[in-house]
Every structure is written in structure tokens, then in C-alpha cells.
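Here, residue 1 is the first one in the sequence, and each next residue gets the next number. These values consider heavy atoms only, across backbone and side chains, with no hydrogens, waters or symmetry-generated copies.
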Amino acid sequence: MAQLPPDGEWLIQQIDQEVILFHRWTEEEIVRFDPSDGNAAALAQKVIHEDPRLSDEAKSFAHFWSGYFYGNSY
């Protein structure tokens, strides 16, 4: 699990076969995807990029961690 800067309000975590990006205190989800599926990972990147709730810094780290989970899913 990783907290996204600047304030740790958003978390990204792999639970079983899914990666979930969610709000720390409400558990509101932005995206959920199977990191071993390249198409699902790419679609998740699009959702992250377009979500207005995330700051540019949080989006950057969410993209990084999504790629990390994708890269380590094999």
C-alpha cells in the first residue's frame, strides 16, 4: 500500500488480484483493476489522468504505483 502525496488522502493498494485507488477515510474508489491485464492497467491510467479529485502530484504517484503493480504482476 502507498499513500499518495501531498497529504496521504488517497491510497493505492493491491488486494488479492486487484489494485485499488481509494480515498483514505471514506474508501471511495477512483479505480480498481487487475494489474496483470495490460488493457485494464492502461484504462486505469486514463481514469487516473482524468479524475479531478486528484492533484497533479497525486496523479503522478498514482501512475507510478500503477506501473509498479503492473510490472510486478508477472
Side-chain angles (χ1 to χ4, degrees):
M1 175 173 44
Q3 296 180 28
L4 304 183
D7 54 13
E9 187 174 345
W10 297 95
L11 303 173
I12 188 165
Q13 178 176 0
Q14 183 164 359
I15 301 172
D16 297 323
Q17 300 301 330
E18 294 184 305
V19 172
I20 306 164
L21 175 57
F22 61 98
H23 189 265
R24 179 181 201 146
W25 295 284
T26 65
E27 298 185 12
E28 173 187 7
E29 289 185 22
I30 290 181
V31 70
R32 175 186 294 245
F33 67 97
D34 176 354
S36 67
D37 180 339
N39 289 329
L43 289 172
Q45 297 297 313
K46 181 175 179 4
V47 170
I48 292 166
H49 175 73
E50 294 178 349
D51 197 291
R53 295 170 288 185
L54 296 171
S55 68
D56 288 344
E57 184 178 18
K59 287 179 184 183
S60 176
F61 278 87
H63 288 304
F64 169 81
W65 284 108
S66 295
Y68 170 84
F69 290 120
Y70 171 73
N72 286 290
S73 66
Y74 295 95

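- Going from atom CG of Asp34 over to atom CG of Asn39 covers 11.0 Å, rounded to the nearest 0.5 Å.
- Although no hydrogens or angles enter the test, the distance criterion places a donor-acceptor pair under 3.5 Å between the side chain of Ser73 and the main chain of Pro35.
- Rounded to the nearest 0.5 angstrom, Ser66 OG and Gln45 CD are separated by 4.5 Å.
- In the hydrophobic clustering (ILVMFWY side chains linked at under 4.5 Å, chained through shared members), Leu4 is joined by Trp10, Ile12, Val19, Leu21, Ile30, Val31, Phe33, Val47, Ile48, Leu54, Phe61, Phe64, Trp65, Tyr68, Phe69.
- Under the 3.5 Å distance criterion, the side-chain polar atoms of Lys59 are matched with a main-chain donor or acceptor of Asp51.
- There is a side-chain donor-acceptor pair under 3.5 Å between His23 and Thr26.
- Checked against side-chain contact (heavy atoms from CB on, under 4.5 Å), Ser60 has no partners two or more places apart in sequence or in another chain.
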Run the numbers on Arg24 and Glu9 for salt bridge (charged side-chain N to carboxylate O under 4.0 Å, His left out), then give the verdict. CA-CA 5 Å; Arg24 179 181 201 146; Glu9 187 174 345; over 6 Å; no

Could you give me the CA-CA distance, side-chain angles and deciding distance for Glu28 and Arg53, then say whether side chain to side chain contact (heavy atoms under 4.5 Å, CB included) is met? CA-CA 11 Å; Glu28 173 187 7; Arg53 295 170 288 185; 2.3 Å; yes

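- The minimum heavy-atom distance between Gln13 and Phe22, with the atom names listed, is OE1-CZ, 3.8 Å.
- Counting heavy-atom neighbours within 6.0 Å of Glu57 CD, excluding the residue itself, gives a total above 12.
- One distance of note links CG of Asp37 with CD of Glu18; it measures 11.5 Å at 0.5 Å rounding.
- Residues Met1 and Gln14 have side chains not in contact (no heavy-atom distance under 4.5 Å, counting atoms from C-beta outward).
- Atom CD of Glu29 has more than 12 neighbouring heavy atoms from other residues, nucleotides or ligands inside a 6.0 Å radius.
- Partners of Pro52 under the side-chain contact (heavy atoms from CB on, under 4.5 Å) rule, at least two apart in sequence or in another chain, do not exist in this structure.
- The two residues Gly8 and Trp25 come nearest to each other via the heavy atoms O-CH2, 4.5 Å.
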